[in-house]
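One structure below.
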Number of protein chains: 2
Amino acid sequence: MKRTRVTLADVAAMARVDRAVVSRVVNKDPTLNIRQETRERVLAAIDELGYRPNVAARSLRTSRAHMFGLFIPDFANPVYAEIIKGAEAEAAAQGYVLVTGSASGAGLSEYMDRIGQGRIDGLLLAGTGDDSALTRQLDQAAIPWLMLNNRSRGVNRYVILDDQRAAALAVEHLVRLGHRHIAHLAGPSRADTAARRSAGYSAAMREAGLPEGPIVAADYTPAGGAAAMTRLLAAPEPPTAVFVSNVASAIGAMEGVRAAGMEIAREVSIVAVHDLDLASYLHPALTTVRMPLAELGRRGVTLLGSLKPDDTVAEVLAGPIELIQRRSTAPPVR
Amino acid sequence: MKRTRVTLADVAAMARVDRAVVSRVVNKDPTLNIRQETRERVLAAIDELGYRPNVAARSLRTSRAHMFGLFIPDFANPVYAEIIKGAEAEAAAQGYVLVTGSASGAGLSEYMDRIGQGRIDGLLLAGTGDDSALTRQLDQAAIPWLMLNNRSRGVNRYVILDDQRAAALAVEHLVRLGHRHIAHLAGPSRADTAARRSAGYSAAMREAGLPEGPIVAADYTPAGGAAAMTRLLAAPEPPTAVFVSNVASAIGAMEGVRAAGMEIAREVSIVAVHDLDLASYLHPALTTVRMPLAELGRRGVTLLGSLKPDDTVAEVLAGPIELIQRRSTAPPVR
DNA sequence: CTGCCGGAGTCAATCGTTTGACTTCGTGCT
DNA sequence: AGCACGAAGTCAAACGATTGACTCCGGCAG
């Protein structure tokens with residue numbers, strides 16, 4: 001077992017060349033003039049010794065860490081899993097490592113402190129809310145950063161999805177089925193995605209010439225969704241369909257329907273934003289709007305790679321948004 | 001906006017002391033003798049300039065990165081989310097950053113290459129299967145590593161949970177309800193957790209004096225679970241209860257029961273390993289066995305911190321394992 | 001024979017921190 | 001007066017890789 005780490009110098013000694021040559025070979029420096037035979041000696045030595053460049057030394061010298069960060073509120077939310085997948089794949093394609101951290105370690109500002117200076121070359125913030133102290137800290141750290149999937153007051157570096165269109169798609173589906181009394185189970189008022197989906201709901205209702213049904217807000221959690229649905233169904237004339245802002249709430253909302261003694265689809269149709277594997281295994285299988293989440297992660301990384309500290313980015317990702325019809329929506333009977 | 005990065009030297013200059021003093025102040029070196037007044041000058045300068053230590057330089061010098069890695073197969077699996085949470089919290093408590101990577105970036109060996117030398121101080125592998133080439137690579141990298149939640153041939157560095165006991169708990173619950181014909185929807189044969197749960201099932205059945213019902217294996221996915229359940233129920237005399245190895249399979253298994261035109265709980269009881277938030281929102285709410293997953297992550301990090309490259313670890317984490325009874329299990333009617 | 005050129009490397013400063021060893025100074029003791 | 005000692009810092013050599021500038025050499029044109 002190797003006791004001391006293998007360094008450039010060891011390889012250089014073994015191949016009887018200068019450290020510089022080894023470095024240039026490793027990095028495929030095109031300005032290096034070298035005989036085939038020498039190159040092979042170097043490569044053989046690298047192989048023989050099992051040399052791996054020391055990343056710390058390298059990034060100290062070059063001040064690039066070849067690492068991007070992604071910060072999310074919670075790993076348990078499968079929506080982020082999709083985003084991570086895309087981001088990881090793109091980072092790998094660029095020769096970077098993506099490191100994902102969540103708020104369960106500590107707050108973002110703790111995280112930034114620990115990430116410190118020189119550990120990452122860029123940071124993606126997904127689903128992290130308003131916090132102006134935060135953005136100041138980020139700017140001071142002078143690394144490129146970007147918000148993913150949600151915006152925040154006064155921040156003009158973000159990539160989002162077309163949530164408004166997604167909401168419209170959902171509402172149009174309900175309208176096409178014949179619903180006229182369509183309520184909206186919205187997300188938390190502080191969430192930007194919630195606001196955009198609500199706007200889409202309103203626009204689509206107006207477009208269809210229908211009055212906006214009742215709107216109640218809830219957290220993006222099953223518990224929140226259940227409570228909100230209960231409120232919606234308690235009305236004297238409950239809606240025949242509900243557009244739910246988020247799939248996690250929808251899971252709870254379904255429970256809410258059952259708790260009210262009603263039947264999903266036949267009596268109350270439900271459609272939610274974000275398609276997850278899970279949706280097709282719920283009972284009844286949930287009709288959803290699929291958003292290009294992985295693509296969002298991918299795009300975020302791509303942008304990070306080419307972002308200057310002071311650039312601004314305000315992009316609505318164009319990507320396929322489609323309605324996945326399952327069993328939770330049906331024509332109204334009332 | 002800061003143009004050049006602030007270094008120790010800048011702070012030292014501003015506070016009119018040597019770099020060494022600043023370094024020692026930052027690191028709270030107890031051997032440093034310093035006047036209160038001087039210390040305050042230093043701290044003021046740090047604050048004023050917004051100094052953050054450069055992690056690359058620091059880890060080059062100390063050869064510790066203050067970072068642990070965690071590698072998982074897939075972020076979409078909520079079981080890992082729990083593990084990550086625990087691991088992140090413990091890492092943060094130790095002043096480390098936990099970076100989580102999955103196979104979607106690239107394989108583990110690609111990941112190791114990119115992580116390179118000196119980027120992390122230890123690596124946790126959760127749910128990553130047998131691969132002897134891999135362990136060789138890890139040993140060569142000379143960083144401590146540990147398998148979490150599953151073992152692999154010839155590897156003697158792991159922490160696992162008491163899956164056997166979890167399985168027994170589930171089976172005992174079914175037996176107590178009066179079931180005598182209990183089948184087992186097992187996990188994939190290559191998964192170590194699956195084997196341990198199956199062993200627990202067998203032991204508990206023997207203990208109860210019952211014949212082992214049919215056993216079918218399936219992937220830890222809803223689709224796999226659905227197909228397997230269909231097979232189980234197609235038997236001439238189907239079981240009245242099924243112990244499912246994993247909650248993801250169980251979700252599919254529930255669908256399988258419905259597809260067979262049967263009613264969950266009344267006709268077929270289902271209990272699965274791993275309690276997730278989600279379980280209580282399924283319909284009917286799923287009876288599960290809760291395992292201390294977060295604790296597992298926490299323990300893994302703790303061990304990593306105190307592990308020597310050649311140490312061996314074979315630990316079955318003692319932690320609360322409990323049955324969470326919900327609506328998917330009931331006394332048999334047949 | 002001199003000058004020049006390109007090929008094949010070599011030299012050494014640099015990135016920002018850490019840390020064991022050393023200095024300087026004032027005080028107290030003998 | 002001489003010395004020891006502790007307090008309060010200072011000094012400078014690492015850590016390992018990168019990279020612009022430089023050297024050395026053989027061949028060839030003039």
Side-chain angles (χ1 to χ4, degrees), chain A residues 2 4-43 45-46 49-66 114-119 121 141-142, chain B residues 2-43 45-46 49-66 114 116-119 121 141-142:
Chain A
K2 297 273 139 25
T4 52
R5 297 218 302 257
V6 182
T7 75
L8 260 196
D10 301 330
V11 175
M14 177 166 212
R16 299 187 315 286
V17 294
D18 192 86
R19 297 190 333 283
V21 172
V22 181
S23 171
R24 287 171 152 105
V25 166
V26 168
N27 297 359
K28 308 200 195 336
D29 180 337
T31 74
L32 173 65
N33 260 323
I34 190 177
R35 258 172 306 162
Q36 187 57 23
E37 170 199 294
T38 313
R39 179 192 303 279
E40 270 156 21
R41 255 196 354 264
V42 171
L43 292 174
I46 288 176
L49 297 172
Y51 168 72
R52 302 273 147 213
N54 180 308
V55 198
R58 173 178 287 180
S59 52
L60 173 58
R61 183 62 231 262
T62 62
S63 61
R64 334 206 60 242
H66 283 269
R114 252 196 283 287
I115 280 288
Q117 198 67 252
R119 183 118 60 174
D121 300 327
Chain B
K2 297 274 139 23
R3 274 294 145 244
T4 53
R5 299 219 300 256
V6 182
T7 75
L8 261 195
D10 300 331
V11 176
M14 177 165 212
R16 299 187 315 285
V17 293
D18 191 86
R19 292 180 349 275
V21 172
V22 181
S23 171
R24 288 172 151 104
V25 165
V26 168
N27 297 349
K28 309 202 190 341
D29 180 339
T31 74
L32 172 64
N33 261 321
I34 192 177
R35 259 172 306 164
Q36 187 55 25
E37 170 199 295
T38 312
R39 179 191 302 280
E40 269 156 21
R41 251 194 359 263
V42 171
L43 292 174
I46 286 175
L49 297 172
Y51 168 72
R52 303 275 147 212
N54 180 308
V55 197
R58 174 177 287 182
S59 51
L60 174 57
R61 182 62 231 256
T62 62
S63 60
R64 335 205 61 243
H66 283 268
R114 253 194 283 286
Q117 200 66 251
R119 183 118 60 175
D121 300 327

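Chain naming here is simple, since letters A, B, ... match the order of the sequence lines and numbering starts at 1 in each.
- Checking D:dA17, C:dT17, D:dT19 against the side-chain heavy atoms of A:Tyr51 singles out D:dA17 as nearest.
- Rounding to the nearest 0.5 Å places CZ of A:Arg24 at 5.0 Å from OG1 of A:Thr31.
- Residues from residues 13-25 of chain B with heavy atoms under 4.0 angstrom of DNA chain C, sorted by number: B:Arg19, B:Ala20, B:Ser23, B:Arg24.
- Between the CZ atom of B:Arg64 and the C1' atom of C:dG16 there is a distance of 19 Å, given to the nearest Å.
- In this structure, the CZ atom of B:Arg58 is 10 Å from the C1' atom of C:dG16, given to the nearest Å.
- Protein atom CG of A:Leu60 is 9 Å distant from nucleotide atom C1' of D:dA17, rounded to whole Å.
- Atom CG of A:Asp121 is separated from atom OG of A:Ser59 by 8.0 Å, given to the nearest 0.5 angstrom.
- Legend: residues meeting salt bridge (Lys or Arg N to Asp or Glu O under 4.0 Å) with A:Asp18, ordered by chain and number and at least two apart, are absent.
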Name each donor-acceptor pair under 3.5 Å that joins a side chain in residues 32-40 of chain B to protein atoms two or more places apart or in another chain, with its distance.
{"from": "B:Gln36", "atom 1": "NE2", "to": "B:Glu40", "atom 2": "OE2", "distance (Å)": "3.0"}

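- Going from atom CZ of A:Arg119 over to atom P of C:dG16 covers 17 Å, rounded to whole Å.
- Taking atom CZ of B:Arg5 as the reference point, atom C1' of C:dT14 lies 13 Å away to the nearest angstrom.
- Under the rule for a side chain to side chain contact (heavy atoms under 4.5 Å, CB included), the partners of B:Thr62 that lie at least two apart in sequence or sit in another chain are B:Arg58, B:Arg64.
- A search for salt bridge (Lys or Arg N to Asp or Glu O under 4.0 Å) contacts involving B:Arg52 returns A:Asp113, not counting sequence neighbours.
- To the nearest 0.5 Å, the span separating CG on B:Asn54 from OG on A:Ser63 amounts to 8.5 Å.
- Within residues 27-43 of chain B, the residues approached by DNA chain C to less than 4.0 Å at the level of any non-hydrogen atom are B:Asn27, in residue-number order.
- A distance of 9.5 Å separates CG in B:Leu49 from OG1 in B:Thr7, rounded to the nearest 0.5 Å.
- A straight line from CG of A:Asn54 to C1' of C:dC15 spans 13 Å, rounded to a whole angstrom.
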